[in-house]
Amino acid sequence: MDRDKILLTPGPLTTTLRTKLAMLKDWGSWDADFNAVTASVRKSLLKIIHAAESHVVVPLQGSGTFSVEAAVATVVPHSGHVLVLDNGAYCKRAARLTTLMGRRCTLMPFDEAQPVSAQALDDKLRTESTVTHVILIHCETGAGVLNPLQAIADVCERHRKGLIVDAMSSFGALPIDARTTRFDALVAASGKCLEGVPGMGFVFIRKAILEACAGQSQSLAMDLYDQYIYMEKTTQWRFTPPTHVVVALHEAIAQFEAEGGQPARLARYTRNYETLARGMSVLGFRPFLDPSVQAPIIVTFHAPGDPKYDFKTFYAAARARGFILYPGKLTTAETFRVGCIGAIGPDEMEQAVHAIALTLQDMGIASAAPAA
Ligand SMILES: *Cc1c(COP(=O)(O)O)cnc(C)c1O
């Protein structure tokens, strides 16, 4: 069968044929037509979170992590002190890259099954006076927890701290409004909820702090201030752009807008999530998170307790039936993850659950219930 498998992964994810077809053309990086596409994408991105008045958006080549790293190096002064609210793997990654960028970094640990606490941050900032910036992961893709962006932004504003938001797996699906939520930088990427292909990230930077970012990054290629200035001056990317990724994102955004924008995307992903949760619970699977803290983006399930279960076999059998699952990323429990995002709907989720049911049968597992 040469049909693409359905990706139940949080990026890369399943894209539409229309988005894929947009890549069947070569573009010159100096070409006015291509630069008009870049400009249009940037304008659309600002519109999605109502940021045109308050922020600029700077695209950057590479996977999402490149843009998180670029944002930290561009926005945080060398003498800065970053506090990372840590409830999962992506938080730890943000802390590590902050340290590698030579910025002082403190981790503030939280339970990975719970959202981070705005109250705890408020208390912490009362005593930790040297902190200049806070990093929040909006949806912690490690377990799938939704973190309280508005409450954290309010605490940061009250304490006059900069806020850097990794909204990689939430942007386009969960509501974000730059008019009412204050942040210095917010990072997302092409290959997540906008349903483009992977290859570029983008960073919203608050206009009020932009000038202070000049010369702050120790990196040439990942200096977002330089990228911004060059792009404003020339309409071009500073270095070779990921042309096919940009035009695919442009096409994906046109479909995003036609679908009804963020509210419609959230509604579809929520239906995907509900279909998945219902079907998996019938098979005996137990979700790692309480539904009240779960974002409808990616769901972590406990591994079945049956000794015949092992992830590699399970993955291979589901794959043979056309569905790509995702390993767990928790240190505390054996789990696996299923993404709800991408150009898929409840029908595909229904089929995925069916494929998983047959996979369990193949493995001789009667119930997927976790070990007691
Ligand atoms: C996907 C993702 C990233 C970026 O990961 P890459 O592998 O670099 O694309 C960063 N943060 C979060 C929360 C993510 O979901």
Side-chain angles (χ1 to χ4, degrees), residues 7-15 49 59-73 75 82 84-98 100-101 105 107 110 112 115-116 134-149 152 163-174 176 183 185-204 219 221-222 224 242 245-246 248-249 252 265-266 269 273 288-289 293-300 324-330 335-342:
L7 299 179
L8 300 174
T9 56
L13 35 69
T14 292
T15 58
I49 59 166
L60 183 73
Q61 299 90 330
S63 89
T65 306
F66 289 57
S67 282
V68 179
E69 188 162 318
V72 168
V75 165
V82 178
V84 179
L85 305 176
D86 173 17
N87 65 339
Y90 289 90
C91 306
K92 289 176 182 69
R93 186 190 292 179
R96 179 159 159 72
L97 66 85
T98 299
L100 289 171
M101 292 298 97
C105 182
L107 268 175
F110 292 91
E112 61 187 348
V116 304
V134 172
I135 295 184
L136 173 75
I137 314 293
H138 188 196
C139 169
E140 222 318 334
T141 321
V145 178
L146 178 60
N147 279 319
L149 172 58
I152 296 294
L163 174 63
I164 299 172
V165 184
D166 172 348
M168 209 71 67
S169 64
S170 58
F171 186 88
L174 297 172
I176 299 171
F183 51 83
L186 184 137
V187 191
S190 54
K192 301 252 177 168
C193 299
L194 290 178
E195 299 180 1
V197 301
M200 63 173 270
F202 45 88
V203 183
F204 298 86
S219 166
M222 290 167 59
L224 294 172
V245 177
V246 177
L249 180 58
R265 190 127 309 179
L266 178 60
Y269 290 172
Y273 161 66
F288 174 74
L289 294 177
V293 304
Q294 171 77 61
I297 302 293
I298 187 165
V299 185
T300 300
I324 302 292
L325 303 174
Y326 209 52
K329 212 169 196 163
L330 304 182
T335 56
F336 67 94
R337 289 178 291 173
V338 185
C340 304
I341 63 180

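Each ligand, and each atom within it, is numbered from 1 in the order the structure gives.
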**Val338/Ile298 under side chain to side chain contact (heavy atoms under 4.5 Å, CB included): CA gap, chis, key distance, verdict** = CA-CA 6 Å; Val338 185; Ile298 187 165; 6.0 Å; no
**Request:** Would you kindly check if the NZ (Lys) or CZ (Arg) of Lys329 is within the cone defined by 45 degrees around the ring axis of Phe336 and under 6.0 Å from the six-membered ring centre?
**Result:**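 Judged by the rule, Lys329 and Phe336 form no cation-pi pair.
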**Request:** For ligand 1, list the protein residues that place a heavy atom within a distance below 4.0 Å of one of its atoms, sorted by chain and number.
**Result:** Ser63, Gly64, Thr65, Tyr90, Arg93, Ile137, Cys139, Thr141, Asp166, Met168, Ser169, Lys192
**Prompt:** Looking at side-chain heavy atoms only, is the closest gap between Leu60 and Met200 below 4.5 Å?
**Reply:**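 No, too far: nothing below the 4.5 Å cut-off.
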**Prompt:** Hey, is the main chain of Ile137 close enough, under 3.5 Å, to the side chain of Asn147 for a donor-acceptor pair?
**Reply:**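 Checking the backbone N and O of Ile137 against the side chain of Asn147, a donor-acceptor pair under 3.5 Å is found.
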Can you list, pair by pair, the side-chain donor-acceptor contacts under 3.5 Å of residues 164-171, counting residues two or more places apart and other chains?
{"residue": "Asp166", "atom": "OD1", "partner": "Met168", "partner atom": "N", "Å": "2.9"}
{"residue": "Ser169", "atom": "OG", "partner": "Cys139", "partner atom": "O", "Å": "3.1"}
{"residue": "Ser169", "atom": "OG", "partner": "Thr141", "partner atom": "OG1", "Å": "2.9"}
{"residue": "Ser170", "atom": "OG", "partner": "His138", "partner atom": "ND1", "Å": "2.7"}
{"residue": "Ser170", "atom": "OG", "partner": "Ala167", "partner atom": "O", "Å": "3.3"}

**Prompt:** Step by step, would you call Glu112 with Leu330 a side chain to side chain contact (heavy atoms under 4.5 Å, CB included)?
**Reply:** CA-CA 8 Å; Glu112 61 187 348; Leu330 304 182; 3.5 Å; yes
